[in-house]
Amino acid sequence: MTLRLTNTLSRRIEEFQPLEPGKVSIYCCGVTVYDLCHLGHARSYIAWDVLRRYLLWSGYRVTFVQNYTDIDDKILGRAAEEGSSMQAVSERNIEAFVTDMARLNILPPDRMPRATQSLDAIRSLITELEAKGAAYSADGDVYFAVMKHAGYGKLSGRDLAEQQDNAAGRVATAEEARKQHPFDFALWKGTKPGEPSWESPWGPGRPGWHIECSAMVREELGDTIDIHLGGADLIFPHHENEIAQSEAASGHELARYWLHNGMVNVGGQKMSKSLGNFTTIRALLDSGISPMTLRLFTLQAHYRKPLDFSADALEAAATGWKGLNAALGLASTLTLGAAPAACPPDLAAARARFAAAMNDDLNTSAALAVLFELAKPLRALANRLERGDSSAAAEARAPDLVDHGQLLLELAGVLGLQSKTEAKTSSTSPGPSDAEIQAQIDQRQAAKAAKDFPAADGIRDGLRALGIELIDRPGGITEWLRG
Ligand SMILES: Nc1ncnc2c1ncn2[C@@H]1O[C@H](COP(=O)(O)OP(=O)(O)OP(=O)(O)O)[C@@H](O)[C@H]1O
Ligand SMILES: [Zn+2]
């Protein structure tokens, strides 16, 4: 059975077929770096981390690109409030983003381009659009002409003619007066006093938000990519506009599959930096909630569904993680030095159930049910060991249980769930302990022995994100360095 994903473009669940066999190119819309990230961002990036890990586990070579939007009105606004610069605000929040994502065990993207570093690509894309008649300049601004692009609205299902009628008779703002159609959007904005600006054929100014992503996708991954990711709030206008710009320029489809995550809501309203109803990732982690509890909380719901944030729901996830953590902790000690065994039929069935759940549009709650089932005997044994039950130690050495533990570790790794001490971690946390690093190295060894190289690479990448570099020495010995 192959992976099936809901494609927003076709509004259907489709079988995933990459452009090139065995390879997947992914672009994920990144954060606008004007503040700390909240639980909504965590949900989005955890969902896509799981997609990436699952593709790796399935044997694909994945190239994952995610941008930083570091030119934006909101960043400028924050800089003005603070009396600092757009660059200072961006740098600080980029650093915080990297730390928060690593704490959540999200694999770092292969490349993370920034708008400020992509100006050449942005300017040449706008020039191309203008040359093709898809864009027009007006008083130092450049706009995309939506009416010139057949297919505008195909992702979001918006009707242009209807929108034109709705806008008729309204008093236009200065910007609206420059536009030929209300849906036309700025590719380039002429400079305003006191704002950073860059030179361009249209005079000094800065790029619009949508063109950044089109330019970065093209520069990093080419005209057509396999999967484009983002939150459902980006479908319109951001992704609709990205499609229009990229496809008008290249004449090719921008992305084969468009995946969107549902929103984290608070009391029915989107958790949002702009609305001010957000709880930051670091506030949650610093209050003693473990990163894995947050992962579990988000993965218990389907990625496309809205997710309500409440203390009760988080509490339930914490209880769930406590049990799973005990089983994973025991499993990692059992598998130490264990030889890979032939997979017994019940474990093969569990593996197949896990894969079937994930193939079903990333049904992580069903995949978690397989993990909880596998964890049951290990949890029971961990409890007995903790109580000092003398017969438990012998039982823990039973080969069946070792295999069980190995599979649990492997599948949990696909969801990015890994056993860690539940100790309170703070933003100044020194990173994983030596014992935790060793447990990861052991898991990686087991994955390699089972010829599961994507999982082994995933573990190495995860450690790298935490500043731990692995060095493989001859004779199967792995040493590590803390960065
Ligand atoms: N509440 C949320 N739930 C799920 N995903 C979200 C939520 N808020 C933002 N995202 C997603 O996170 C990614 C980065 O978002 P971005 O930095 O553009 O945030 P934003 O939407 O501007 O934030 P805000 O609305 O909080 O000001 C996008 O894919 C966006 O859809
Ligand atoms: Zn984008």
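All values below come from the heavy atoms of this structure, side chains included, with hydrogens, waters and symmetry mates left out. Both ligands and their constituent atoms are indexed starting at 1 by order of listing. For the single chain, residues carry numbers from 1 onward in sequence order.
- Judged by distance alone, with hydrogens and angles left aside, the side-chain atoms of Arg53 form a donor-acceptor pair with the main-chain N or O of Gly413 at under 3.5 Å.
- Annotation: salt bridge (charged side-chain N to carboxylate O under 4.0 Å, His left out) contacts involving residues 30-41, sequence neighbours excluded, comprise Asp35-Arg78.
- Remark: aromatic rings of Phe144 and Tyr152 are distant, center separation not under 6.0 Å.
- Ring-centre distance between Tyr303 and Trp48: below the 6.0 Å cut-off.
- Taking the six-membered ring where tryptophan is involved, the planes of His210 and Phe185 are perpendicular, since the angle between them exceeds 60° and thus also 30°.
- Identified under the salt bridge (charged side-chain N to carboxylate O under 4.0 Å, His left out) test for residues 247-273, with sequence neighbours left out: Lys154-Glu247, Asp233-Lys270.
- Annotation: ligand 1 has protein neighbours Gly30, Val31, Thr32, Tyr34, His38, Gly40, His41, Ser44, Tyr45, Lys74, Gly230, Gly231, Asp233, Leu234, Asn261, Gly262, Met263, Val264, Lys270, Met271, Ser272, Lys273, Ser274, each with a heavy atom less than 4.0 angstrom from the ligand.
- Aromatic ring orientation, His260 versus His239: tilted (interplanar angle from 30° to 60°).
- Cation-pi contact between Arg158 and Phe236: present, with separation from the ring centre below 6.0 Å and deviation from the ring axis of at most 45°.
- Residues Ser365 and Asn363 have side chains that bring a donor and an acceptor to within less than 3.5 angstrom of each other.
- Listed by chain and residue number, the protein N/O/S atoms under 2.8 Å of the Zn ion (ligand 2) are Cys29 SG, Cys213 SG, His238 NE2, with waters left out.
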